[in-house]
Amino acid sequence: MRRAFTALLGASVLLAGCQSAPDRSSQSGEAPPMRLVSYSGCDELLESLRASAAARVGPFGFDPGYGLFSRDMAEAAGPAQKSLATANAAPHSGTNVHEAGVDEPDLVKTDGSRVYTVAEGRLQIVDAATRKVVHRLKLPEEFQGSADLLISGDRALVMQTGFPYLARPAAGIMPAGSGALNVLYVDLAEPKILGRLKAEGTLVDARQVGSVARLVMRTSPDIDFPDLDWGLPGKPERKEKQAEKRNRALVRKAPLEAFQPRYDITVDGRRTTHRVPCERISHPQDGADSKEINMLTVLTVDLTRGFGDGTPVSVVADGDTVYGTGRSLYVTGSAWQRPVTRIHRFEVGDGPPRYAASGQVRGRLLNQYSMSEHEGHLRVAVTDDDEKVSTVHVLDADGGPLLREVGSLTGLGRGEQIYAVRFAGTRGYVVTFRQVDPLYVLDLSHPRRPRSLGELKITGYSAYLHPTAAGRLLGVGREANAKGQALGAQISLFDVTGAPRRLSRLHLPKIYDTQVAYDQHAFLHWPRTGLTVLPDTNGKALVLTVKDDSITRRGSVGHPGDGHIQRSLVIGDALWTISHAGVKVNDAATLTQRSWTPWRR
C-alpha cells in the first residue's frame, strides 16, 4: 500500500525573488462544480455500475486501476505531539498526527503506562515502568507482518490490509481490488480478541476522535473473469477481442451483490455478513461520464462498544487520501482519466458520518498534508501535471453541498511539482522542486485573497515540514547538486515569520535518506526539550536537538542485528525506539542505554 517514492533533486543557492512571483490567475486550476447524488433505487444503481464496468473491462478483466495511496502529517507541532497522559501515566509523546485530537493508525501506540505494537505475529504489550513485555497475544495468521493500531482506554483496533510490507511508507501504489482487510477488536486489560471484521478490499486510512474510529475501505466489483485461453485458434488480437466481448457480457449480467461492498463481522464465534444497502450509496455528478466502478465505504466503530454493524456510508469513487478534523472527514481520489481530484466531505460527531459536500480541483494531491480545514474553509494544494504549475485553492467548506472555490493562488513552482506541504493556522508552506527547492510562505488570513509572503531557493528539497515553535519550520529531506544527484539526507530549520530564511542546516552525506520522507508517523519532536528523532534508511535512529535557531546532532540509536528502527517515543525521561526485532530504552538526555527487550523469546 502506497509507495511511489518521490524523485531526486538538484541545484544552486538563490535568494527569494529570483523566480517569477506566483500569480493570482487560477484558470489552469479551475474544475467544474461536482456534488454527490443518491440513486433512485437499486435498479438505477445496478444499471449505472454495469454500464461503467462494461466500459472499463478488457480481455484480461478490469484495467489495473492503480491509485495513489497516502498517509501523512501535521498542522501545528506542539498540539500534534501533545501528551495523552492519564493521571497514572508519565508525560509521553503520541503518534505524529496531522490534526491535534484526531488520532491516526500507527505501528506503535502508548498511553504512557504501556506500549503496544504487533511483532512476531503477536500483539506485544510492554509495561513502561518495568520495560518488560507483560503480555503477548497471539493473532491470526494474517497478522504475521506489521499492523496498525488505534486505542481507546482498554480497547484497541488492530488493522491489517494483507500488504504488511507495503503498508508502511507514506505514499505509493496499490492495485484496485487487491488484498483483504482484516480488523480485530481487542481487549487490552485481559488481552483477548473480542471480535473480527473482514472484507475483500483495502484500508485507505482511518481516523479516530475520542473513542469513535472511522475506517475508509476501498472495494472493487467482485466478478470472476476466466483466463484467456491462448490455445484457441486465431491470431492474438482476435483472441483478445473475443475475450473482451465475453467479459463485457459477464459484466452486463453481474448481480447487484457483485458491486455492493461486503464485510463480515464475527463476535463470539458468530459471523454475520453485511452489504451496504442501495440507499447508503451515492455517486459523483459533474456532467461527465465518470466510468467509476470502485467504491469507498466509511465504517464507524466506537471502541467502547465494539463493531456493531459498522453503519456504512459508500461513494462510487476511487480513493487514496483521507484527512480528518474534529468535525469533518474528507476522502479524496482522482477522477477516472481526468486530471482532477475529487473531494468529499462528511460531517462527523458521535455517530456515523453524514455526507455534507463535494467538490473538485484540477491537479493532484501529494498527501493528506495537502489539505487543511480552517475556520470553515478547506485549503488544498495541488500540482497540475499538464500545466506544470502548482496552486493552493481555498474552498468554502460550510457553503452547502458544493465545495465552491472562493480564492486561489497559482503560479507556484512553474515547471516543478509539490514535494511537501504544511498548513498552520492562517499560514501555508509549500515546497516545489525540480532542480532547486523553492520554499513558499503563504498568507491565508483572507480566504478570498491568498498571497505569497516570499520564497527561498536552496539546493535539495524538503519532503516533510514540521512547525517546531512560533515562526519556525523544520524541513526534512535530501541535499542534491545542480545536476539533480542526491547527496544524502538534509535537515533545515527556517524562520518563516515573513519571507523565509534558513537559520540552520544539517547535511548527512552518509545517510541516504530518512524514513520520515516516506512515512511521517516515523517523526518525533518533543517540544519540551527539543528532542527530535528521525529513523534513517540505514536502520538507526538519528537523534537531534532542535532549538529556536539551531539544529544539533546528538548521536544515534541502533538495535542489535538487523533490527531497523521504525518508531520512537518519549515516556517520562526516556527515549524508546521500536523495531521489528525489539524495543530499546535510552536516557533521553544522555542516550545511555537502559534496557533492550527482544520480541522473540
Side-chain angles (χ1 to χ4, degrees), residues 3 5-6 73 81 92-93 95-96 106-108 110 115 117-120 124 126 131 145-146 164-165 167-170 460 462-464 466 468 474-479 486-493 504-526 529-546 550-571 573-600:
R3 300 335 91 181
F5 291 169
T6 48
M73 290 328 251
Q81 288 284 345
H92 61 281
S93 62
T95 297
N96 187 26
D106 198 15
L107 294 171
V108 179
T110 184
V115 174
T117 192
V118 173
E120 297 291 325
Q124 310 273 354
V126 184
R131 304 189 290 274
S146 59
Y165 301 106
R168 295 279 42 89
S462 295
Y464 174 63
H466 193 94
T468 57
L474 191 70
V476 180
R478 304 181 74 191
E479 175 63 293
L487 302 176
Q490 177 174 261
I491 299 95
S492 301
L493 182 63
S504 184
R505 167 182 177 265
L506 181 62
H507 177 215
L508 305 164
K510 293 184 179 181
I511 297 177
Y512 177 79
D513 206 349
T514 68
Q515 292 183 29
V516 173
Y518 317 117
D519 184 357
Q520 287 112 7
H521 288 157
F523 180 84
L524 169 67
H525 176 70
W526 189 237
T529 62
L531 175 69
T532 304
V533 183
L534 311 171
D536 64 38
T537 50
N538 296 333
K540 295 185 177 182
L542 177 67
V543 182
L544 313 173
T545 297
V546 177
S550 65
I551 304 170
T552 304
R553 182 178 183 179
R554 294 179 46 199
S556 61
V557 174
H559 284 194
D562 61 349
H564 277 60
I565 294 174
Q566 298 170 297
R567 293 292 183 270
S568 57
L569 299 167
V570 171
I571 302 178
D573 61 355
L575 170 64
W576 292 58
T577 50
I578 298 94
S579 71
H580 63 272
V583 57
K584 179 179 283 191
V585 179
N586 293 70
D587 185 284
T590 65
L591 298 188
T592 302
Q593 180 175 323
R594 292 182 178 178
S595 66
W596 162 252
T597 304
W599 301 130
R600 182 173 297 179

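Along the sequence shown, the residues carry numbers beginning at 1. Quick caveat, the model's predicted, so the values are computed rather than measured. For the numbers below, each heavy atom of this structure counts, side chains included, while hydrogens, waters and symmetry mates do not.
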Task: Residues which pass side-chain contact (heavy atoms from CB on, under 4.5 Å) with Asp573, listed by chain and number, not counting sequence neighbours - done: Arg594
- [ ] Identify, with sequence neighbours excluded, every residue that meets side-chain contact (heavy atoms from CB on, under 4.5 Å) alongside Ser556.
- [x] Lys540
Shortest non-hydrogen contact from [X] to [Y]?
X      : Y      : value
Leu531 : Val543 : CD1-CG1, 3.6 Å
Val118 : Gly145 : CG1-O, 3.8 Å
Arg478 : Asp513 : CD-OD2, 3.3 Å
Val557 : Asn586 : CG1-OD1, 3.8 Å
Arg553 : Leu542 : NE-CD1, 3.4 Å
Pro535 : Ala522 : CD-O, 3.2 Å

Report the residues that fulfil side-chain hydrogen bond (donor to acceptor under 3.5 Å, both in side chains) with [X], sequence neighbours left out, ordered by chain and then residue number.
X      : value
Ser492 : Arg502
Thr529 : none
Arg505 : Glu479, Gln490

Do [X] and [Y] have side chains that get closer than 4.5 Å, going by heavy atoms?
X      : Y      : answer
His525 : Leu474 : no
Asp106 : Gln566 : no
Phe523 : Thr532 : yes
Val583 : Val115 : no
Tyr464 : Leu534 : no
Val585 : Ile571 : no
Leu487 : Pro509 : no
Val126 : Thr597 : no

Which value, rounded to the nearest 0.5 Å, describes the distance between [X] atom [atom1] and [Y] atom [atom2]?
X      : Y      : atom1 : atom2 : value
Thr577 : Ile565 : OG1   : CD1   : 4.0 Å
Thr545 : Trp526 : OG1   : CH2   : 14.5 Å
Thr514 : Ile491 : OG1   : CD1   : 6.5 Å
Leu524 : His466 : CG    : NE2   : 9.0 Å
Trp599 : Glu120 : CH2   : CD    : 10.0 Å
Leu107 : Asp519 : CG    : CG    : 7.0 Å

TODO: Could you walk me through whether Gln515 and Val476 pass the side-chain contact (heavy atoms from CB on, under 4.5 Å) test, one step at a time?
DONE: CA-CA 10 Å; Gln515 292 183 29; Val476 180; over 6 Å; no
Open item on the list: Ignoring hydrogens and geometry beyond distance, is a side-chain donor-acceptor pair present between His564 and Ser579 at under 3.5 Å?
Closed with: no
Task: Whether Ser504 side chain and Leu493 backbone form a donor-acceptor pair below 3.5 Å - done: no
TODO: Can you sort out the partners of His559 under ring-ring contact (aromatic ring centres under 6.0 Å, His included), two or more places apart, ordered by chain and number?
DONE: Trp596
